[in-house]
Amino acid sequence: MITLAQYLKDHSANAAVSDLITTVTEVGKTISQLLQRGALADILGEAGNQNVQGEEQKKHDVLANNMFLEELGQNSHCDGVASEEIDKA
């Protein structure tokens, strides 16, 4: 079996895109691990806020959004992020 990192190394012509894909993948894996823990990770239920569409935010949505913002914000190849969880662009 080939890993995503190895595939990107062998097949991607653009290192910046590979780096962004790797960042998103790593955050996704961390979110998946937290979701598997559910209530033990205290990520279930309402967050007490609304998103830009007026929907009640869930704790796991806010957590995932914050994780993506933090990690992508540290990635030098990411110039900006948009999210329905953020009401100001």
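All residue numbers refer to positions in the sequence shown, counting from 1.
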| query | Of all heavy-atom pairs between Thr25 and Ile21, which one has the smallest distance, and what is that distance? | reply | OG1-O, 2.7 Å
| message | If I compare all heavy atoms of His77 with all of Ala16, which pair ends up nearest, and what's the gap? | response | CD2-CB, 3.3 Å
| said: Take a 6.0 Å sphere around CG of Asp10 and say whether it holds more than 12 heavy atoms from other residues, nucleotides or ligands. | reply: yes
| query | Atom CD in Glu55, atom CG in Asp61: separation rounded to 0.5 Å? | reply | 9.0 Å
| remark: In short, Gln57 meets Gln50 closest at the heavy-atom pair CG-C, 3.8 Å
| task | Output the distance between atom NE2 (His11) and atom CD1 (Ile2), rounded to the nearest 0.5 Å. | result | 6.5 Å
| Euclidean distance, Glu85 CD relative to Gln53 CD, rounded to 0.5 Å | 8.5 Å
| task | Measure the spacing between SG of Cys78 and CZ of Phe68 and express it to the nearest 0.5 Å. | result | 11.0 Å
| request: For residues Leu8 and Val17, determine if any side-chain heavy atom of one lies less than 4.5 Å from a side-chain heavy atom of the other. | output: no
| Evaluation steps, side chain to side chain contact (heavy atoms under 4.5 Å, CB included), between Asn75 and Thr22 | CA-CA 10 Å; Asn75 187 309; Thr22 300; over 6 Å; no
| field | Distance in Å, Asn51 CG paired with Asn65 CG, rounded so as to fall on 0.5 Å steps | value | 10.0 Å
| query | Got a donor-acceptor contact below 3.5 angstrom from the Thr3 side chain to the Gln6 backbone? | reply | yes
| said: Quick check for you: to the nearest 0.5 Å, what is the distance between Thr30 atom OG1 and Glu71 atom CD? | reply: 7.5 Å
| Do Val62 and Ile31 sit in the same hydrophobic cluster, where Ile, Leu, Val, Met, Phe, Trp and Tyr count as joined when their side-chain heavy atoms come under 4.5 Å apart? | no
| task | Name all residues meeting the salt bridge (Lys or Arg N to Asp or Glu O under 4.0 Å) criterion together with Asp19; count only those two or more places apart in sequence or in a different chain, and write none if there are none. | result | none
| field | Val81 and Ile86, any side-chain heavy atoms less than 4.5 Å apart | value | no
Identify each donor-acceptor pair in which a side-chain atom of residues 35-45 lies under 3.5 Å from a protein atom, sequence neighbours left out, and give them as a table.
| residue | atom | partner | partner atom | Å |
| --- | --- | --- | --- | --- |
| Asp42 | OD1 | Lys59 | NZ | 3.1 |

